[in-house]
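Here is the structure we will look at.
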Amino acid sequence: MVFHLHQTFNIVFCEYAKGGMIYEAMHIFDQMRQQGLSPNVVNYGALIDALCKLGRVDEAMLRCNQMINEGVTPNIIVFTSLVYGLCTVDKWEKADELFSEMLNQGIYPNATFFNTIMRNLCNEGRVMEAQSLVDLMVRLGVRPDVISYNTLIDGYCLAGRMEEAMKLLDVMVSAGLEPDVVAYNTLLHGYCRAGRIYDAFRLFRQMLSNAVTPGVATYNTILHGLFQYGRFSEAKELYLNMIKSGMQLDIYTCNIMLNGLCKNNFLDDAFEMFQSLCSMDSQLDIITFNIMIDALLKSGRKEDAMGMLTAISAHGLVPDVVTYRLVTENLIKEGLLEEFDNLFLAMEKSGCTPNSGMLNAIIRRLLDRGEIMRAGVYLSKIDEKNFSLEASTTSLLLSVFSREEYRHHAKSLPEKFHFLWVLINEHYFK
DNA sequence: ATAGGGTTAG
């Protein structure tokens, strides 16, 4: 009976943790203890993973210590979640320490563990380090699997090194692994990103001849590539063929189509498609709304954009940092600075934290309007969060502060940005 | 009942 109760709690708990509903999960934790049940490694694993995915890595580390104090030993799954969290928030030295600690405790890393680190290295453009991790795996006797190679392929694609990415298909085969649909999708995406649609189609044929069945993600990738390079009629034809073939279209297909229509000046068609999706009760996501809000604001249809904004919650969704970025940028552009300040506060109150891209965009918009003091407030936020300035933000700052009437403002910048002051002075006195 | 890969918005 007690065992059964423990199981029931675990199922509910994991459900919450997986959905990122931390407070609800913690509540279950408390309830379990009240019933005299101690959380086990699965409960802690689920909680730690959820915290790491939300970027709350410090709390995750505390939970891991708490778990150890309660006599529960972390397993490879817990270490994988923690190392994911640490890499993602750029705490690579800590991740390294964790790896040593893990080995000390006699817990052996598996392919999943290494793949997690490789994913983060590749996302940062550090594909060579990911490559050497594969070599390390081999030395440690951990066989790289299909996911290891696919991750590495993506790393090379992201670095624009398509020839090396392609070579990995053969490397996989000689390692006794079959390149799967994800391997091909990754490479197709790489070619499309590089504007090499012809090579993408060539690879697509190669994929078919190797008896790998394309999936909806394959077609979505090509569809997006065609739109991106203005090949509108081919994109439309592909879309119609996808429907005709009876393929189950997904939210990606819908969003790619909506965005493709908007960016090719078919906003009315996009709006119509959006409405028909709504009437069919399709499960839309926040990206759908962001695409529409962006397009409506850019074409001056502010009323419609605000209608979309309010429709978000009616669809059971929550505005994200991109939504807020789109609307705040528009408010600044229109000089509605008080509304902008209020929206920014409302955003923070809702638990949505601005990211580096949003703060950079805000600063640029404020500088454009000569709102130097207000821009300073957001520069301080960038400073606090240890984000960096994007190149376009830096050059705008330099050109603004180079103007006589604004030069004195540069002196009151946070210390981190004093290099701007130095650059300006070098420019003036050389 | 806890961990890893591909496609969409800025």
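Reckoned from all heavy atoms, side chains included, excluding hydrogens, waters and symmetry mates. In what follows, every chain begins at residue 1, and chains take the letters A, B, ... in the order their sequences are listed.
- When the P atom of dA9(B) is taken as reference, atom CZ of Phe289(A) falls 17 Å away, rounded to whole Å.
- In this structure, the nucleotide among dA9(B), dT8(B), dG10(B) sitting nearest to the side chain of Ile291(A) is dA9(B).
- Side-chain contact between Leu277(A) and Cys254(A) is present, with at least one heavy-atom pair separated by less than 4.5 Å.
- For the pair Leu359(A) CG and dG10(B) P, the interatomic distance rounds to 18 Å; values are reported in whole Å.
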Practice task
Show your reasoning for whether ring pair (Phe, Tyr, Trp, His ring centres under 6.0 Å) applies to Tyr252(A) and Tyr219(A).
Solution key: CA-CA 10 Å; Tyr252(A) 286 89; Tyr219(A) 292 103; over 10 Å; no

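- Using a 4.0 Å heavy-atom cutoff across all strands shown, Lys298(A) reaches no nucleic acid atom at all.
- One interatomic measurement links the two molecules: CD1 of Ile256(A) to P of dT7(B), which rounds to 10 Å at whole-angstrom precision.
- Residue Val41(A) is classed as a base contact, given a heavy-atom separation below 4.0 Å to a base.
- Of all heavy-atom pairs spanning Ile286(A) and Val318(A), the tightest one is CD1-O, 3.4 Å.
- Using a 4.0 Å cut-off, some side-chain N or O of Lys263(A) falls inside it from OP1 or OP2 of dG10(B).
- One can place CG of Asp49(A) at 13 Å from C1' of dA1(B), the figure rounded to the nearest angstrom.
- Across the protein-nucleic acid pair, Leu54(A) atom CG and dT2(B) atom C1' stand 15 Å apart, rounded to whole Å.
- Asn355(A) comes within 4.0 angstrom of a base, heavy atoms only.
- In this structure, the CZ atom of Arg364(A) is 13 Å from the P atom of dG10(B), given to the nearest Å.
- Across all strands, Asp145(A) comes closer than 4.0 Å to base atoms (heavy-atom distances).
- Between Asn220(A) atom CG and dA9(B) atom P there is a gap of 12 Å when expressed in whole angstrom units.
- Between dA3(B), dT2(B), dT7(B), one nucleotide has an atom nearer to the side chain of Asn110(A) than all others, and that is dA3(B).
- Side-chain contact between Lys302(A) and Leu296(A): absent, with no pair of heavy atoms (C-beta onward) separated by less than 4.5 Å.
- Judged by atom type and distance alone, Asn75(A) does not reach the base of dA3(B) through any side-chain donor-acceptor pair under 3.5 Å.
- dT7(B) atom P lies 11 Å from atom NE2 of His224(A), rounded to whole Å.
- Between the base of dA9(B) and the side chain of Asp285(A) there is no donor-acceptor pair shorter than 3.5 Å.
- If you check distances only, the side chain of Thr80(A) does reach the base of dA3(B) with a donor-acceptor pair under 3.5 Å.
- For the pair Met292(A)/Cys262(A), a side-chain contact is recorded, criterion being any heavy-atom separation below 4.5 Å from C-beta on.
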